[in-house]
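Here is the structure we will look at, set down as structure tokens.
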Amino acid sequence: MGWWEVSADTLAGSRFVISPLAETIAALKTLHRGSAAHPGERVWLARHGAAYRGRLAADPVTAALVRAALGHCWNATFLTPTPAVEPPSFTDELASVRATSPATARADLAVSLAGRPLPGPLRRADDLPERTAGLLEWVWQEAVLPYWPRHRRVLEADVLTRSAQLSRGGWAAALDGMRPGMRWLGANRLQITADDHPPRELAGAQLLFVPVTARQSWVSWEVRPAPDGQRSAVVYPCSGVLAGTGGVAVPEALGALLGPARAGVLVLLGTPKSTTQLVALTGQGLGSVGRHLRVLFDARLVGRRRVGRSVLYFRTGAGEGLVAAQCDG
């Protein structure tokens, strides 16, 4: 079991961060894995998988680089830099990958290969960081940027969900199950993985939590001096109900009855959500979402309850019955 010792002060100063580079790395991992975790990801993979495989087939050195960097037990450190507390643009984030020296990149690859020899082309190449950055830039432009506005809304909704869990049940509720094998053990200990790894003490480091829409997860920390202090990060897949939301699938009959936009709000309320989350997920304005909720509430299709500073909306029994009837019909 691998765990981090996290003081109360470190937890109190932790932050949720949205990182375009982390989203791109997660997309690269999914493209390389070649399998999807939910229907929306399956559609995305079918759209971009062939182009990714073609790019690697045309560049054997980069193909060998990716295979080595995405090791079985550990990612090459330079491939997955820890985000800044306030992440800059994707281009600025990518600069940290480009700034890696070739010698450091090879050393990181040796770790990710877990004792296996570094392939010959990677021992000879002096442009490994630039090749890595070039591939990440390609993934960003081709397979992430076209979806980024909606994905960012989904990530923002996940942060709101985690914040609500934190206000209701403390850190144990917010962190348990955030990534496979992760749970709060108490006594300042955060289990990061069920695998055996030496414990780490995060004294003086800032802890960041970084959601991504793909079903990917990893951890990172600064192993080299950072100008803004030492940081550790947990990159985690956002909750399935959000990650799988590829535009809301609204039954045609339900859309005809309530109107597509209002029906979409009702469908999303299969799990409790705040008005802000619904705005993020639907892309509708705050006023529009508020009007839909008022109509649905007056019709007794949704209820509401206060949790901390948030008001969460949820489907009532009548709302559940209506959605189920239309989905079965």
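Heavy-atom basis, side chains included; hydrogens, waters and symmetry copies ignored. Nothing here was measured: the structure is a model prediction, and the numbers come from that model.
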Give a yes-or-no answer on whether the side chains of T213 and E23 include a donor-acceptor pair shorter than 3.5 Å. yes
CG (L70) and CG (L79) are apart, to the nearest 0.5 Å, by 6.0 Å
Next on the checklist: Quick check against the 3.5 Å criterion: does T82 have a side-chain atom that pairs as donor or acceptor with the backbone of A233?
Outcome noted: no
Q.
Determine whether a donor-acceptor pair (N or O, by modelled atom type, separation under 3.5 Å) exists between the side chain of Q191 and the backbone of G181.
A. yes
To the nearest 0.5 Å, atom CZ of R67 lies from atom CG of L113 at 10.5 Å
Less than 4.0 angstrom from a charged side-chain N to a carboxylate O is my criterion; do D126 and R131 meet it? no
Distance col, row R262:CZ vs L301:CG, nearest 0.5 angstrom, shows 10.5 Å
pair T77-W221: side-chain heavy atoms closer than 4.5 Å:
no
All heavy atoms of L136 vs all of V97, minimum pair found to be CD1-CG2, 4.4 Å
Separation between CZ (R189) and CZ (R183), nearest 0.5 Å, reads 9.0 Å
Hey, can you tell me if F16 and Y236 have their rings parallel, tilted or perpendicular (30° and 60° cut-offs)? perpendicular
- Task: Look only at the side chain of R179 and the backbone of I192, and say whether a donor-acceptor pair between them is shorter than 3.5 Å.
- Result: yes
Tightest non-hydrogen contact, residues T316 and V302, listed as CG2-C, 3.4 Å
>> Tell me if a side-chain donor or acceptor on S288 pairs with a main-chain N or O of Q284 at a distance below 3.5 Å.
In response: no
Between P83 and L208 the two heavy atoms that sit nearest each other are O-CD1, 3.3 Å
Test item: side-chain donor near acceptor, T30 and Q216, under 3.5 Å:
yes
Do NZ/NE/NH1/NH2 and the carboxylate oxygens of R98 and E137 come within less than 4.0 Å?
yes
Is a donor on one side and an acceptor on the other found under 3.5 Å between the side chain of R215 and the backbone of C238? yes
Ring-plane angle category for Y147 and H151, please: parallel below 30°, perpendicular beyond 60°, tilted otherwise. parallel
CG of N188 to CH2 of W4, rounded to nearest 0.5 Å, is 15.0 Å
Correct closest heavy-atom pair for A214 and P237 would be O-CB, 3.4 Å
Would you check if the side chain of R315 reaches a backbone N or O of V267 as a donor-acceptor pair within less than 3.5 Å?
-> yes
Rounded to the nearest 0.5 angstrom, the OG1-CG distance for T24 and L145 is 8.5 Å
Taking the six-membered ring for Trp, is the centroid-to-centroid distance between H292 and F297 below 6.0 Å?
no
Check: Would you call P260 and V250 a side-chain contact if the rule is heavy atoms closer than 4.5 Å?
Finding: no
When every non-hydrogen atom of V210 is compared with those of A22, the smallest separation belongs to CG1-CB, 3.9 Å
Applying side-chain hydrogen bond (donor to acceptor under 3.5 Å, both in side chains) to D92 and not counting sequence neighbours gives S89
For W140 and T91, indicate whether the former's side chain and the latter's backbone hold a donor-acceptor pair under 3.5 Å.
no
Quiz prompt | No-hydrogen, no-angle side-chain donor-acceptor test under 3.5 Å, E93 and S19 | solution = yes
Between N75 (side chain only) and T80 (backbone N and O only), is there a donor and an acceptor less than 3.5 Å apart? no
So, are R33 and E41 salt-bridged, with charged N and O less than 4.0 Å apart? yes
Apply side chain to side chain contact (heavy atoms under 4.5 Å, CB included) to residues F90 and V144 and explain how you reach the verdict.
CA-CA 11 Å; F90 172 79; V144 177; over 6 Å; no
Cationic tip of R304 above F314 ring, under 6.0 Å, 45° of axis | no
- Message: Between R305 and Y313 (side chain of the first, backbone of the second, donor and acceptor by atom type, cut-off under 3.5 Å), is there such a pair?
- Response: no
Checklist entry - Could you walk me through whether H48 and Y52 pass the side chain to side chain contact (heavy atoms under 4.5 Å, CB included) check? => result CA-CA 6 Å; H48 300 287; Y52 172 77; 6.0 Å; no
Smallest heavy-atom separation, P129 atom then T100 atom, equals CG-O, 3.1 Å
Under the 3.5 angstrom rule, does the side chain of T132 hit a backbone N or O of L128 as a donor-acceptor pair? yes
- Task: Check whether any side-chain heavy atom of D108 lies under 4.5 Å from a side-chain heavy atom of W74, and answer yes or no.
- Result: no
Would you indicate whether E252, at its atom CD, is surrounded by more than 12 heavy atoms from other residues, nucleotides or ligands within a distance under 6.0 Å?
-> no
The residue among L322, L293, V295 that forms side-chain contact (heavy atoms from CB on, under 4.5 Å) with L266 is L322
- Item | Side-chain heavy atoms of L175 within contact of V234, under 4.5 Å | no
So is R200 actually on top of W3's ring, under 6.0 Å and inside 45° of the axis? no
